[in-house]
Chemist: 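The structure under discussion is supplied below as structure tokens; questions concerning it will follow.
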Amino acid sequence: MKQVRVRFAPSPTGPLHIGGVRTALFNYLFARHNNGKFLLRIEDTDQTRYVEGAEQYIVESLKWCGIEIDEGYSVGGDFGPYKQSERKEIYKQYADKLIAEGNAYYAFDTPEDLDKIRSEFEAEKKTFTYDSSIRTRLNNSLALSENEVKDLIEKGVPYVIRFKMPENQEVIMNDIIRGTVKVNTSTLDDKVLFKSDGLPTYHLANIVDDYMMQISHVIRGEEWLPSLPLHVLLYKALGWESPEFAHLPLILKPSGKGKLSKRDGDQLGFPVFPLKWVAPNGDEASGYRESGYLPDAFANFMAMLGWNPGTEQEIFTMQELIEQFSLERVGKSGSRFDPDKIKWFNHQYIASKDNSELAELFAPVLNQKSVEVNREILVEVSGLVKERVNLVHDFWEQASFFFEAPVEYDAKVIKKRWKEGMNDIMNSVVNILDDITEFNEQNAHDLVVKHIQENELNMGQVMNSIRLCLVGAGKGPDLFKIAEVIGKEETIARIKRGADTIKR
């Protein structure tokens, strides 16, 4: 069996959509599972859509997701260049070969010519398609004499090169995910292979590059399935063995209806890009990294969009994904994107992380807030709140009271818990805590509970009122653990302030 070599070949037309990330990830997992190579190629033949900064964004996105590039753009290799605009001189010879062998032809039709005939078809309620049924009636080398064609080329008349689609031929193809696919060429048009600007279209460049880079498997999105017959026929026309193909299912909107788009993310409040994107004109789009997601959680979630391990297991390390991944377990139907599910994945990863690792994630959030804290305390606090955190940014929401005393108190908690006489009870709690020589969670708990029981007070009301004073709300980990972390003086000061502020 020849070496597995797969490629991810995005166009630098803007930020990398998560659909592209999923394609890259599946290519990467397949390559690693089969001890193969993962290549990155930049397909920038459409210079009109090129966006400055997109290439670096693609590289950075893959790196953040844990997808390692073995060969290609940004790392080099033996089959470069890996950027199509730097391979311009390569493609024309193959277009010429297709013409010489009768598999392609020159087309001199101007945009105005094509608009005119398109209008004529529309007037007859027909759809114009540049195909075998009409090509000999148009301005191309199939309808013109050899001398006429030569004369036009010598005069510098712009032309494109089109593939000469065989007439009424059944093309039988195999897709690893979808099985046998059959298409009759009578339903296909004569696609442009080479443009008048001297650059190939995606179809020709893609085939030539995959062949020259010895790509063994082409794993790409479902949207390229209609192009499969053309690509298979191009391989055949050039006398090359084609790679194996696998077309991945679409990632669907959260509603399950239609392909996921940036608009869906904007409307429903979730990113559709791995990293924050800042366009050359200053427009910004949010990313999963900046929104507080962990890269391993993001990759795990993306792997489950379309692939099924065949078990109930959902949490996988990258190595486990590599070991278990196969294209045969990728489904045909689209996968619904669930913003809540990716939060669930992120929560699972945060909850399972070592507290010191979480402290590293939390520290930049505190720096933004200009909060200085002892590293030991930060590690402890991270561990205390991680079960309540979905996103990295949630650490501040769930733990801010460890570093800043509350300035407001939850009105709902006051109404429910702060009953008549609670101000006096809080002052008595202050006296109890003030008398503790060795102040810690256990000692504070035992003495306060003893006081409540001996005075036949309502345990829930008193405890929640103390929490209200310390936190400002009815949330947070164990009450006396909070007291231990913030210390005796701060605990007493907060209870006093609460008793003085909250009146009923």
Chemist: Any carboxylate oxygen within less than 4.0 angstrom of a Lys/Arg side-chain nitrogen, looking at R375 and E360?
Modeler: yes

Chemist: Indicate the ring-plane relationship of W224 and Y202, choosing parallel, tilted or perpendicular according to the 30° and 60° boundaries.
Modeler: parallel

Chemist: Can you tell me how far the OG atom of S382 sits from the CZ atom of F402, to the nearest 0.5 Å?
Modeler: 10.0 Å

Chemist: Using the rule side chain to side chain donor-acceptor pair (under 3.5 Å), only one of R5, R41, K37 pairs with E71; which is it?
Modeler: R5

Chemist: Name the orientation class of the two ring planes belonging to F38 and F8 (parallel below 30°, tilted from 30 to 60°, perpendicular beyond 60°).
Modeler: parallel

Chemist: Determine, stepwise, if the pair I90 / M212 fulfils side-chain contact (heavy atoms from CB on, under 4.5 Å).
Modeler: CA-CA 10 Å; I90 296 173; M212 296 186 75; 3.6 Å; yes

Chemist: Under a 4.0 Å threshold between the charged nitrogen and the carboxylate oxygen, would R118 count as salt-bridged to D115?
Modeler: yes

Chemist: Would the number of heavy atoms belonging to other residues, nucleotides or ligands and lying under 6.0 Å from CG of N308 be above 12?
Modeler: yes

Chemist: Answer yes or no: does atom CD of E376 have more than 12 heavy-atom neighbours from other residues, nucleotides or ligands under 6.0 Å?
Modeler: no

Chemist: Ring centroid separation for F337 and F301, is it under 6.0 angstrom?
Modeler: yes

Chemist: If the test is side chain to side chain contact (heavy atoms under 4.5 Å, CB included), which one of L40, L25, N27, L29 qualifies with I67?
Modeler: L25

Chemist: Please lay out, stage by stage, how D190 and Y105 fare under the test side chain to side chain donor-acceptor pair (under 3.5 Å).
Modeler: CA-CA 10 Å; D190 292 358; Y105 58 92; 2.6 Å; yes

Chemist: Of all heavy-atom pairs between E397 and K475, which one has the smallest distance, and what is that distance?
Modeler: O-NZ, 2.7 Å

Chemist: Counting only heavy atoms not in K253, do more than 12 fall under 6.0 Å of its NZ?
Modeler: yes

Chemist: Strictly distance-based, threshold 3.5 Å: is any side-chain N or O of D44 a donor or acceptor partner for the main-chain N or O of P12?
Modeler: no

Chemist: Taking N346 for the side chain and F298 for the main chain, is one N or O donor matched with an acceptor at less than 3.5 Å?
Modeler: no

Chemist: Would you check if the side chain of Y57 reaches a backbone N or O of L275 as a donor-acceptor pair within less than 3.5 Å?
Modeler: yes

Chemist: So, do E68 and R32 sit near enough that their side-chain heavy atoms are less than 4.5 Å apart?
Modeler: yes

Chemist: Side chains of D209 and Y91 only: does a donor on one sit below 3.5 Å from an acceptor on the other?
Modeler: yes

Chemist: Is the backbone of D113 close enough, under 3.5 Å, to the side chain of T110 for a donor and an acceptor to pair up by distance?
Modeler: yes

Chemist: What distance do E148 atom CD and N139 atom CG have between them, rounded to the nearest 0.5 Å?
Modeler: 9.0 Å

Chemist: Mark yes when over 12 heavy atoms from residues, nucleotides or ligands other than K150 sit less than 6.0 Å from its NZ; otherwise mark no.
Modeler: no

Chemist: Thinking salt bridges, do R135 and D109 make one under a 4.0 Å N-O criterion?
Modeler: no

Chemist: Roughly how far, to the nearest 0.5 Å, is CG of D264 from OG of S255?
Modeler: 7.0 Å

Chemist: Would you say that V218 contacts N206 through its side chain, given a criterion of any heavy-atom pair below 4.5 Å between the two side chains?
Modeler: no

Chemist: Kindly compute the distance separating CD (E320) from CD1 (I315), expressed to the nearest 0.5 Å.
Modeler: 10.0 Å

Chemist: Please check: side-chain N/O of N34 versus main-chain N/O of G36, any donor-acceptor pairing under 3.5 Å?
Modeler: no

Chemist: Got a donor-acceptor contact below 3.5 angstrom from the D338 side chain to the D340 backbone?
Modeler: yes

Chemist: Sub-3.5 Å donor-acceptor pair from the side chain of D283 to the main-chain atoms of A279, do we have one?
Modeler: no

Chemist: I would like to know whether N300 and Y349 meet side-chain contact (heavy atoms from CB on, under 4.5 Å); could you show each step before the answer?
Modeler: CA-CA 10 Å; N300 191 161; Y349 274 81; 2.6 Å; yes

Chemist: Only one of P200, S11, S85 passes side chain to side chain contact (heavy atoms under 4.5 Å, CB included) with T45; say which it is.
Modeler: P200

Chemist: Roughly how far, to the nearest 0.5 Å, is the OG atom of S352 from the NZ atom of K386?
Modeler: 7.5 Å

Chemist: Does a sphere of radius 6.0 Å around NZ in K276 hold more than 12 heavy atoms from other residues, nucleotides or ligands, not counting ones at 6.0 Å or beyond?
Modeler: no

Chemist: With a 4.5 Å limit on heavy-atom distance, are the side chains of P295 and R289 in contact?
Modeler: no

Chemist: Heavy-atom distance under 4.5 Å between the side chains of L199 and K88, does that happen here?
Modeler: yes

Chemist: Might you confirm whether atom NZ of K341 has over 12 heavy atoms from other residues, nucleotides or ligands at distances under 6.0 Å?
Modeler: yes

Chemist: Mind checking side chain to side chain donor-acceptor pair (under 3.5 Å) for E380 and listing every partner two or more places apart, or none if nothing turns up?
Modeler: K481

Chemist: Test of understanding: with salt bridge (charged side-chain N to carboxylate O under 4.0 Å, His left out), list the residues that count as partners of D151, not counting sequence neighbours.
Modeler: K155

Chemist: Flag yes if more than 12 heavy atoms outside E372 fall under 6.0 Å of its CD atom; otherwise flag no.
Modeler: no

Chemist: So, the side chain of H33 versus the backbone of E323: is there a donor-acceptor pair under 3.5 Å, distance only?
Modeler: yes

Chemist: To the nearest 0.5 Å, how far apart are CD in E241 and CD in E244?
Modeler: 9.0 Å

Chemist: Within 45° of the ring axis of F79 and under 6.0 Å from its six-membered ring centre, is that where the NZ or CZ of R7 lies?
Modeler: no

Chemist: Check L114 against I117 and note the closest heavy-atom contact, atom names and distance.
Modeler: O-CG2, 3.2 Å

Chemist: Assess the residue pair K257 and L252 against the criterion (side-chain contact (heavy atoms from CB on, under 4.5 Å)); give the C-alpha distance rounded to whole Å, side-chain angles, the decisive distance to 0.1 Å, and a yes or no.
Modeler: CA-CA 6 Å; K257 297 176 182 178; L252 304 176; over 6 Å; no

Chemist: Tell me whether T185 contacts the main-chain N or O of N168 through its side chain, where contact means a donor paired with an acceptor under 3.5 Å.
Modeler: yes

Chemist: What do the steps show when you test V157 against Y159 for side-chain contact (heavy atoms from CB on, under 4.5 Å), and what is the final call?
Modeler: CA-CA 6 Å; V157 175; Y159 65 82; over 6 Å; no

Chemist: Examine R22 relative to F26 and say whether NZ or CZ is less than 6.0 Å from the centre of the six-membered ring and inside a 45° cone about the ring axis.
Modeler: yes

Chemist: Hey, does R162 have a side-chain heavy atom less than 4.5 Å from the side chain of K191?
Modeler: no

Chemist: Check whether more than 12 heavy atoms from other residues, nucleotides or ligands sit under 6.0 Å from atom NZ of K343, and answer yes or no.
Modeler: no

Chemist: Check whether D394 reaches the backbone of L391 with its side chain - one donor and one acceptor, N or O, closer than 3.5 Å.
Modeler: yes

Chemist: Quick one: list whatever passes ring-ring contact (aromatic ring centres under 6.0 Å, His included) with F316, sequence neighbours left out.
Modeler: W307

